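Below you'll find the structure, written out as structure tokens, and then a few comments.
Each ligand, and each atom within it, is numbered from 1 in the order the structure gives. No experiment lies behind these values; they were computed from the predicted model shown. Computed over heavy atoms, backbone and side chain alike; hydrogens, waters and symmetry mates excluded.
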Amino acid sequence: MDKKQLKIAMLSIHSNPIGELGTNDTGGMSVYIRELARELGRRGHWIDIYTRLRNGRHQPVIDLFENVRLVHIGIPNNGNLSRLALYPYLPDFFKSMEDFRFHEGIEYDLIHSHYWLSGRLGSWAQEHWDRPHMVMFHTLGEVKNRTAVGRPEPELRIAAEKELAKTCHRILAPTEQEKDSLVRYYGVCGEKIGVVPCGVNLDLFQPQEKLATRKQLGFDQDDIILLYVGRFEPLKGIDRLLEAIPHLKNHQRIRLVLVGGDGDEAPESQFLQQKVIDLGIEDKVLFAGRIEQKYLPPYYNSADVLVISSHYESFGLVGLEALACGRPVVSTPVGAMKHLIQQSQAGHVVNDTLPRSLAKGIQSIITNSAPQLADEIRESVLAYSWSNVAAAMLREYETTIRHQSFANDQIVSAQASCG
Ligand code: UDP
């Protein structure tokens with residue numbers, strides 16, 4: 001057990017850490033919160049994760065892991081509201097959170113909020129509880145808008161992120177690239193930002209025999225399998241990946257397996273299905289639907305390559321998961337991919353999301369006559385265990401708590417010194 005037991009309030013209002021991964025509101029952030037909390041709890045710290053109540057589907061309080069509770073707050077009829085539509089209800093969430101805290105008589109040592117909506121809630125907690133507040137944005141509205149893909153993020157989000165960046169005690173970014181964006185587009189002083197990478201469950205994601213996993217999943221042994229795993233949304237560039245297929249040489253044997261999405265009827269799935277028809281590649285693309293994370297390892301292991309075609313990622317957990325399984329990754333230069341692929345020497349970073357560029361990257365992997373051994377690839381990401389992430393996070397928590405007495409002065413002077 002670590003020296004002092006900390007009590008942490010983790011805020012994840014819009015996305016439930018036990019929600020259905022791969023659907024619109026539930027992706028890498030949920031994995032991050034769940035895994036980090038589990039590891040902190042295991043080390044003897046006490047974590048309450050606050051999330052929104054979804055139409056009474058869950059018990060108000062769930063004992064998730066050792067020392068970790070999931071606390072559902074808010075009003076039941078907001079369960080299906082979109083992220084942005086939650087904004088006017090934030091005061092209700094705060095009241096509900098306060099009611100729970102009073103009832104339980106808890107004083108937290110630190111607030112750790114995830115995404116700007118929870119950050120807003122966290123800033124009220126920061127003020128009322130007089131406790132240090134750390135924020136992880138997970139994605140940044142300003143950077144999303146610069147990709148000019150999908151619906152633009154509203155000014156409300158950008159303004160809230162800027163305000164939060166100014167007033168919170170510490171910001172955590174998963175990569176140096178994300179840190180640079182915070183400095184460049186949000187005017188944050190670099191010293192206020194800690195960089196802690198994301199992790200991977202190394203027990204779950206392990207190399208397995210390719211042919212055996214193909215047999216298990218009913219995939220052809222002779223096909224060249226490209227894999228996509230993730231939510232279906234425009235920012236992921238799945239349309240570009242589909243457009244890349246006809247550019248591949250020997251594409252008769254290519255199969256693209258798409259894992260994730262909100263079901264056949266969801267608008268983004270329909271758009272992609274139509275795209276497949278328009279490109280005449282129906283026989284090459286399999287929409288596998290969302291797969292529970294515990295069943296994902298055979299998918300990674302059956303693939304010749306995982307492709308990340310995103311316009312923007314803050315980190316890109318699926319890349320790390322594929323590498324932990326010993327599979328190579330072709331990726332656009334997003335999130336941690338450049339660094340991870342360089343480190344593992346297993347894959348290819350393409351310059352942009354153009355279908356030709358993606359095809360060229362994929363081609364270089366599938367025609368590689370001397371592929372790297374799975375164990376060697378995995379070796380390169382062993383440092384990314386959740387245990388190491390939790391250790392780094394605890395250092396951040398402890399330093400931030402220690403500095404709280406003069407944190408407000410620090411914010412003022414830091415802002416002043418950064419202009
Ligand atoms: N995931 C899953 N089942 C699916 C699709 C995705 O469990 O059908 C998980 C995947 O294992 C990964 C996460 O969802 O841990 C996606 O995280 P990533 O950082 O790649 O993308 P994000 O959702 O943060 O944009």
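Considering only non-hydrogen protein atoms, atom 13 (C) of ligand 1 sits nearest to G28 N, 3.8 Å. With respect to atom 12 (C) of ligand 1, the closest heavy atom belonging to the protein is E321 OE2, 3.4 Å. Atom 5 (C) of ligand 1 has its closest protein heavy atom at G22 CA, 3.4 Å. Counting protein heavy atoms only, atom 18 (P) of ligand 1 is closest to L317 N, 3.6 Å.
Only the side chain of R231 comes within 4.0 Å of ligand 1, judged by heavy-atom distances.
Where the criterion is an N or O separation shorter than 3.5 Å, residue side chain and backbone included, G289 fails it with respect to ligand 1. In terms of polar-atom proximity, defined here as any N/O pair under 3.5 Å, G230 makes no such contact with ligand 1. By the 3.5 Å distance cut-off applied to N or O atoms, V318 is counted among the residues near ligand 1. Polar contact with ligand 1: absent for R290 (N/O pair, distance under 3.5 Å).
For atom 9 (C) of ligand 1, the nearest non-hydrogen atom from the set N201, T139, L21, L320 comes from L21. In the candidate list V259, V229, I291, I291 is nearest to atom 3 (N) of ligand 1, counting heavy atoms.
With ring centers used as reference points, H138 lies under 6.0 Å from H114.
Remark: E282 CD is packed, more than 12 non-hydrogen atoms of other residues, nucleotides or ligands lying under 6.0 Å away. No more than 12 heavy atoms of other residues, nucleotides or ligands lie within 6.0 Å of CD in E191, so this atom counts as exposed by the packing criterion.
Between K236 and ligand 1 there is a heavy-atom distance shorter than 4.0 Å.
Cation-pi geometry between R83 and Y115 is met: under 6.0 angstrom from the ring centre, within 45 degrees of the axis. Under the 6.0 Å distance and 45° angle rule, R146 counts as a cation-pi partner of Y185.
Between R52 and F93 the shortest side-chain heavy-atom distance falls below 4.5 Å.
Every atom of ligand 1 with a heavy atom of V31 under 4.0 Å away is listed here by number and element: 15 (O). Close contacts of ligand 1 with G260, meaning ligand atoms under 4.0 Å from a residue heavy atom, involve 8 (O).
Defined by atom type and a distance below 3.5 Å, a donor-acceptor pair is missing between the side-chain atoms of Y87 and R157.
The distance from atom OG of S123 to atom CG of L164, rounded to the nearest 0.5 Å, is 5.5 Å.
Note: Y50 and Y108 have perpendicular aromatic rings, judged against thresholds of 30 and 60 degrees for the angle between ring planes.
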